[in-house]
Amino acid sequence: MAWKLQHLRSWIPILPCLLVLLDIHCHSVLGAASPQEVEQHLEMGKKLLAAGQLADALSHYHAAIEGDPTNYMSYFRRATVYLATGKSKAALPDLAKVIELKPDFTAARLQRGNVFLKQGKLDEAHIDYEAVLRAQPNNEEARAQLSLIEPLIRDIQEARNLITASNFGPAVELLSKAVEACPWDSSLREMRAETYEKLGEGMKAVSDYKVVAKLTNDNTEVYLKTSRLYYLYGEEDNSLEQIRECLKLDPDHKACAEHYKKVKKLKGIFDMVRSLIDQQRYDDCVSKAQQALQTESAVHSFVYRAKSHVCTCYSKGKKINEAIDACNEVLSMNENDIEALIGRAEAHINNERFEEAVNDYRKAHQADQNNQEVQQGLNKAEKLLKQSQKRNYYKILGVRRTATKAEITKAYRRLAVKWHPDKYSGEDKKRAEKMFIDIAAAKEVLSDPEKRAKFDAGEDPLDPEAQQHQHQHGNPFAQGFNPFGGGGGGGHTFKFHFN
């Protein structure tokens, strides 16, 4: 037994070497592939590539290269798939390997030259195209591509000179030509984006910056620039999305973290404003919109939106004077703002200034003839204007259109006592009777939510013409309270009990 243990101990020092040799042998046996298997992978990859199944084709080309690292065609076809999936950076090493394995394979060199050209690597592209033309002097594609390079170099240099001279318009034109020829050159796109910013065309700059972010890795500054541009245009959701990408790359990025907090706070305020409008909490809505103005007072888009919310919420909350002032401020920024015109029109309606309301709705209708809310509002305002020339129940009771039911009842009781035909001390009893009838009619309509809503929409529920089809013969009290009981003559005794 002791001899066996001693024999085993003698193997321990060389055991690691044996394991390495075993691993090499297993790898050689398992990783090797016959030429037939490599050819099968290439053929399957070709079929899948033709069918558009790029991911599956790529897996077969991986297997072909593992089976035979010296087969240049495997690298070339895999590079083709990489290019088809937009992975030009991954394609370049494969194309370089093809050229290394088969220097006279001009298709690979031409393809690499095209990639270099699109990436804006003009010197490298120039070298590849010349090499192709030395091998194939009649290669038209290489000759055409080579002819683009010198003009591109001149255009790019001229664009830089124009930017230095603050001549941004022509610079953008030249850079656009260069970007068209070199769409994968991130530096050209970033230069054009910065030039767009100088021209005040921020959203065009955003489009370029977003492409730059895809073309480059770990470019936190581009995400920060994009987020700030979205913010300047009042697009807090997109701004927040971009700044989060910056923080994914670098959670400790100070500028991105500060901007993230700012955007998130403002977005939360505007989300709350919309929620308060939905809940009809208009006083709270005004306060929250004013908080937005305090949070961001410099960016026009957010200031404009916050003031628009103040206008809307004051109007919906029936704060007449405040609504008119707030909406006037918005309309001074944009005279055709639909929401502000609606808000001011409704405030004018609540203030019984129907002509002004009609004018505002007509202007809104001119700005947007397909807006149903505007069309309905215009119809209502025109009805109310026509109605105001007849009997106005609010004026009869001396209350505003925003009066509560309690205020209406109080006004009715006060006027009913004043104009009661039996208590009236004046000489014109007929006038007292008419006033009393009007007061009672006003109380009936304005105390009934359904009838009041009809009246507020421009329809008089006690209009004799509207009641003819019900055979009421113009009696305004046929559906409700009649202060004269069944007769309506002036000789009756009136008895009212006011609780």
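Residue numbers count from 1 along this sequence.
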Among side-chain atoms of [X] and [Y], is any donor-acceptor pair under 3.5 angstrom?
{"X": "R344", "Y": "Y361", "value": "no"}
{"X": "N114", "Y": "E141", "value": "yes"}
{"X": "S275", "Y": "Q279", "value": "yes"}
{"X": "H62", "Y": "R78", "value": "yes"}
{"X": "Y223", "Y": "E241", "value": "no"}
{"X": "H253", "Y": "E221", "value": "yes"}
{"X": "Y231", "Y": "N238", "value": "no"}

Should the pair [X]-[Y] be classified as a salt bridge under the 4.0 Å nitrogen-to-oxygen rule?
{"X": "K451", "Y": "E444", "result": "yes"}
{"X": "E201", "Y": "K204", "result": "yes"}
{"X": "K288", "Y": "D284", "result": "no"}
{"X": "K225", "Y": "E194", "result": "yes"}
{"X": "E245", "Y": "K248", "result": "yes"}
{"X": "D271", "Y": "R274", "result": "yes"}

I'd like to know if the side chain of [X] and the backbone of [Y] have a donor-acceptor N/O pair within less than 3.5 Å.
{"X": "E296", "Y": "A298", "answer": "yes"}
{"X": "S239", "Y": "E235", "answer": "no"}
{"X": "T404", "Y": "E407", "answer": "yes"}
{"X": "S315", "Y": "T312", "answer": "no"}
{"X": "S297", "Y": "Q294", "answer": "no"}
{"X": "K89", "Y": "L215", "answer": "yes"}
{"X": "Y260", "Y": "L247", "answer": "no"}

Would you call [X] and [Y] a side-chain contact if the rule is heavy atoms closer than 4.5 Å?
{"X": "R400", "Y": "Y394", "value": "no"}
{"X": "E258", "Y": "K254", "value": "yes"}
{"X": "Q291", "Y": "V273", "value": "no"}
{"X": "K118", "Y": "C182", "value": "no"}
{"X": "F455", "Y": "P461", "value": "yes"}

For D185, salt bridge (charged side-chain N to carboxylate O under 4.0 Å, His left out) partners two or more places apart: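 With sequence neighbours excluded, D185 shows a salt bridge (charged side-chain N to carboxylate O under 4.0 Å, His left out) to no residue whatsoever.
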Nearest 0.5 Å please: distance from the [atom1] atom of [X] over to the [atom2] atom of [Y].
{"X": "L54", "Y": "Y61", "atom1": "CG", "atom2": "OH", "answer": "10.0 Å"}
{"X": "Q119", "Y": "S186", "atom1": "CD", "atom2": "OG", "answer": "9.5 Å"}
{"X": "K405", "Y": "I408", "atom1": "NZ", "atom2": "CD1", "answer": "9.0 Å"}
{"X": "S227", "Y": "H259", "atom1": "OG", "atom2": "NE2", "answer": "3.0 Å"}
{"X": "L229", "Y": "M203", "atom1": "CG", "atom2": "CE", "answer": "8.0 Å"}
{"X": "D360", "Y": "R362", "atom1": "CG", "atom2": "CZ", "answer": "11.5 Å"}

Salt bridge (Lys or Arg N to Asp or Glu O under 4.0 Å) contacts touching residues 301-315 (sequence neighbours left out):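 Those involving residues 301-315 are E236-R305, K307-E329.
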Distance-minimising heavy-atom pair for [X] and [Y]:
{"X": "A345", "Y": "A357", "answer": "O-CB, 3.5 Å"}
{"X": "A367", "Y": "I338", "answer": "CB-CD1, 3.6 Å"}
{"X": "Y233", "Y": "G202", "answer": "OH-N, 2.8 Å"}
{"X": "L49", "Y": "V81", "answer": "CD1-CG2, 3.9 Å"}
{"X": "A457", "Y": "K383", "answer": "O-CD, 3.7 Å"}
{"X": "I269", "Y": "T295", "answer": "CD1-OG1, 3.4 Å"}

So, for [X] and [Y], is the gap between ring centers shorter than 6.0 Å?
{"X": "H420", "Y": "F436", "value": "yes"}
{"X": "Y314", "Y": "Y282", "value": "no"}
{"X": "Y196", "Y": "F168", "value": "no"}

Residue of the set E197, E190, R189 for which side chain to side chain donor-acceptor pair (under 3.5 Å) holds with Y209: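 Of E197, E190, R189, side chain to side chain donor-acceptor pair (under 3.5 Å) with Y209 is met by E197 alone.
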Over 12 foreign heavy atoms within 6.0 Å of CD, E355: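 Open.
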More than 12 heavy atoms from other groups under 6.0 Å of NZ on K363: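 Yes, because the 6.0 Å sphere around NZ of K363 holds more than 12 heavy atoms from other groups.
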Partner of E346 by salt bridge (charged side-chain N to carboxylate O under 4.0 Å, His left out), out of K318, K380, R401, K316: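 By the salt bridge (charged side-chain N to carboxylate O under 4.0 Å, His left out) criterion, E346 pairs with just one of K318, K380, R401, K316: K380.
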Pairing residues for N351 by the side chain to side chain donor-acceptor pair (under 3.5 Å) criterion, not counting sequence neighbours: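 Once residues adjacent in sequence are excluded, N351 has no partner under the side chain to side chain donor-acceptor pair (under 3.5 Å) criterion.
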